[in-house]
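A quick write-up on the structure given underneath.
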Amino acid sequence: MSETATDTEALAISTEVLIVGAGPAGLLLAAELRLAGVDTIVIERHARRPDFCRGFNLNARALDLLARRGLADRFVSEGWQVPNAPVSGLPVTFHLAGTHTDHPFTLGIPQTRVEEVLEAHAVSLGADIRRGHELRALHQVDQSVSATIATDAGEYRVRAAYLAGCDGGRSTVRKLAGIDFPGTAATRHTLLGDVELTDPAALPFGATDGPGGTVFAIPRPGYVRIITADQDPPADKDTPVPLSLLQNAVDTALGRHVELRAARWLTRFGDAARQAAEYVRGRIVLAGDAAHIHPPAGAIGVNVALDDAFNLGWKLAATVRGTAPTGLLASYHTERHAAGARVLANTRAQVLLAQADSQLRPLVDLLTRVAKHPAGNRAFVETVTGLDTRYDMLPDADHPWLGRLCPNLALATDTGATDLATFLTPGRALLLDLAEGSGISESARGWEDRVDVVRATCPEHPELRAVLVRPDGHIAWLQTTVHDHTDGIRQALERWFGPALQTAGLPAG
Ligand SMILES: Cc1cc2nc3c(=O)[nH]c(=O)nc-3n(C[C@H](O)[C@H](O)[C@H](O)COP(=O)(O)OP(=O)(O)OC[C@H]3O[C@@H](n4cnc5c(N)ncnc54)[C@H](O)[C@@H]3O)c2cc1C
């Protein structure tokens, strides 16, 4: 018997959010949604996580964000700390000491391990993660999105209030949703091989220049990652890379034979830079590589994917719950599209600097001098790592912290010493009332269901009277001087969390 469309929809599994892709973006988004109590299914086409590992770091910004959910220490305890940021293109060491971060280092840790921890976290919060399930089709129906999913056992449908495409650079979601992906095509391709060297002494770690090019050798646990230019890439960039091709490229670049063996992963990647024109289209949202691809300079992809998920999670949860003010979900596009555009520009700049021909030499020399100056060094680092991320907030307080990630303030409360991150762990907004008797807490009456109000003191920053922190840790409003705060705080609360519950007419207290 043939099914009508209505029958098929009636048979579909229902969920509030369907996430496509269990990479860093999808897994963290799932955890953020579950923190807010949103029903979440994640589908991942691979039955198992691949044997190879792409990324190997969490940067200072990502660690600061993860710390707002109590997750950073778990990674820090396993990884290795490098006090610099991986910026390419200039002969300068980029120091993280003295920058705006609680984690002044780059953490070496395999992306696969980051995903394992995030997956366990999401599952512990109740996310339904389905491996070996691939998105094949989607369409928006009435107030929902319907997705067709293929498994070895056949196809099924999921009907979701929202669908999040966290499915990587070649995103099926982005394509099926018809979202444009403008940018620049790859002009250069690079070969990558995770291999062993028959003679480990034959090639030092780092960059080795030869008569035909440069070969990078990066130490990895039990193997070496070899990277060198792909001088003659095939028209179909998905053509498998045999070890002989990489061997030949290495020998040609160095002008001598350095034997490679025991390949674990061989691939090629390009320097295309593209960004989705819309991060939100109706009930479909994009995050991570699905929303932006860029050259690998600066090792930032995992970190930006996590940043997107942090920004999106609470906004999507409030939208699903029906408590979001107008424009909240759209602000995900506004804030993260701008941040993504900076990542594309920064990574492209690093590639250009690394390839600069003699005509651009004066530019490289100038930037090198700037980057060697302590203030220039710091500005470079904060820009390329995203530590300088600042979102537009209502301009009633002119403070350098407004819109930025709130530092992890040390706080004293009636119950003892604590810090800001501890209060953000549940993923809710926070109003810190740091001026006893100011009446700031009372101004938030009507938002208690969405905003936690904490009375505390902050001995390190006695000038702070109140701070409103969004669930993603960014400061939406703050006050340092004694003046009437009522309009400012209520405007900020309404802008980010919707109108106050109707308490008018009820007796106070
Ligand atoms: C060689 C290399 C080295 C890198 N090194 C670094 C580094 O050192 N540091 C860093 O920060 N970044 C690095 N990156 C970038 C980083 O790996 C990516 O930016 C990051 O994985 C993006 O995360 P994501 O969650 O957006 O997408 P992905 O990790 O790509 O996850 C997308 C998931 O969606 C799944 N999927 C796709 N289509 C479907 C479908 N139709 N149905 C169901 N599931 C689907 C995929 O199987 C995949 O698991 C590197 C990348 C490469 C290629």
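The figures that follow rest on heavy atoms only: side chains count, while hydrogens, waters and symmetry mates do not. What you see is a predicted model; the values in this text were computed from it and never measured. Whatever order the structure lists them in is the order used to number ligands and atoms, beginning at 1.
- Nearest to atom 49 (O) of ligand 1 by heavy-atom distance, out of E44, R49, H292, is E44.
- Backbone and side-chain nitrogen or oxygen atoms of V302 are examined, and one is located within less than 3.5 angstrom of a nitrogen or oxygen of ligand 1.
- Using modelled atom types, one side-chain atom of D64 and one backbone atom of D102 make a donor-acceptor pair closer than 3.5 Å.
- Close approach of ligand 1 to V20 is summarised as follows: ligand atoms under 4.0 Å from at least one heavy atom of the residue are 40 (C), 42 (N), 43 (C).
- Any N or O atom pair closer than 3.5 Å counts here, and F269 shares no such pair with ligand 1.
- Against a heavy-atom cut-off of under 4.0 Å, A299 is close to the following atoms of ligand 1: 7 (C), 8 (O), 9 (N), 10 (C), 11 (O).
- When non-hydrogen atoms are compared, ligand 1 lies under 4.0 Å from the side chain of T172 (C-beta onward) but not from its backbone.
- A distance-only check finds a donor-acceptor pair linking the side chain of S77 to the backbone of D73 [under 3.5 Å].
- Judged purely by atom type and a 3.5 angstrom limit, Q350 uses its side chain to pair as donor or acceptor with the backbone of S88.
- A side-chain donor-acceptor contact under 3.5 Å links R281 to the backbone of A177.
- The ligand atoms of ligand 1 that sit less than 4.0 angstrom from a heavy atom of L192 are 1 (C).
- Ring geometry, H333 versus Y279: the interplanar angle exceeds 60°, so the pair is classed perpendicular (tilted spans 30 to 60°).
- With respect to atom 26 (O) of ligand 1, the closest heavy atom belonging to the protein is D289 N, 2.8 Å.
- Among protein heavy atoms, the minimum distance from atom 5 (N) of ligand 1 is reached at G55 CA, 3.3 Å.
- Note: an N/O pair closer than 3.5 Å links N57 and ligand 1 by distance alone.
- Looking only at heavy atoms of the protein, atom 42 (N) of ligand 1 is closest to L135 N, 3.0 Å.
- Atom numbering of ligand 1 starts at 1 in the shown order; those under 4.0 Å from a heavy atom of H46 are 47 (O).
- Looking from atom 27 (O) of ligand 1 to the surrounding protein, the closest heavy atom is G168 CA, 3.8 Å.
- Checking only distances, R225 never comes within under 3.5 Å of ligand 1, N or O to N or O.
- Listed by atom number, the atoms of ligand 1 under 4.0 Å from E134 heavy atoms are 40 (C), 41 (N), 42 (N), 43 (C).
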Pair R336-D308, salt bridge (charged side-chain N to carboxylate O under 4.0 Å, His left out): steps then yes or no:
CA-CA 6 Å; R336 293 309 303 166; D308 286 350; 2.8 Å; yes

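- Using the six-membered ring where Trp is involved, Y156 and H133 have ring planes that are perpendicular, over 60° apart on the 30 and 60° scheme.
- Rounded to the nearest 0.5 Å, atoms CG (L118) and CZ (R74) are 9.0 Å apart.
- Near G23, meaning under 4.0 Å from any of its heavy atoms, are these atoms of ligand 1: 25 (O), 29 (O), 31 (O).
- Within ligand 1, the atoms closer than 4.0 Å to a non-hydrogen atom of Q111 are 16 (C), 17 (O), 20 (C), 21 (O), 29 (O), numbered from 1 in the order shown.
- Between E115 and ligand 1, no pair of N/O atoms sits closer than 3.5 Å.
- Of the possible polar contacts, none joining the D289 side chain to the G301 backbone as a donor-acceptor pair under 3.5 Å is found.
- Given atom 43 (C) of ligand 1, the protein heavy atom at minimum distance is R45 N, 3.3 Å.
- Remark: the backbone N or O of G21 is not paired with any side-chain donor or acceptor of R45 at under 3.5 angstrom.
- Atom CG of D392 sits in a sparse spot, with 12 or fewer heavy atoms from other residues, nucleotides or ligands closer than 6.0 Å.
- In terms of polar-atom proximity, defined here as any N/O pair under 3.5 Å, R54 does make such a contact with ligand 1.
- With hydrogens left out, the protein atom closest to atom 36 (N) of ligand 1 is D167 CB, 3.8 Å, a heavy atom.
- Side chain to side chain, N57 and T106 fail the donor-acceptor criterion of an N or O pair below 3.5 Å.
- The closest protein non-hydrogen atom to atom 34 (O) of ligand 1 is G21 CA, 3.2 Å.
- For atom 23 (O) of ligand 1, the nearest protein heavy atom (residue, atom name, distance) is P24 CD, 3.4 Å.
- Ring geometry for F56 versus Y223: interplanar angle over 60°, hence perpendicular rather than tilted (30 to 60°).
- Of all atoms in ligand 1, numbered sequentially from 1 with element shown, those under 4.0 Å from a heavy atom of G288 are 26 (O).
- Contact analysis puts H133 in contact with ligand 1, with a non-hydrogen atom separation below 4.0 angstrom.
- At most 12 heavy atoms of other shown residues, nucleotides or ligands fall within 6.0 angstrom of atom CG in D51.
- A side-chain donor-acceptor contact under 3.5 Å links Q247 to the backbone of L260.
- Using a 4.0 Å cut-off between heavy atoms, C166 contacts ligand 1 through its backbone alone, with no side-chain atom that close.
- Between the side chain of T40 and the backbone N or O of V38, at least one donor-acceptor pair lies under 3.5 Å.
- Polar contact with ligand 1: present for A25 (N/O pair, distance under 3.5 Å).
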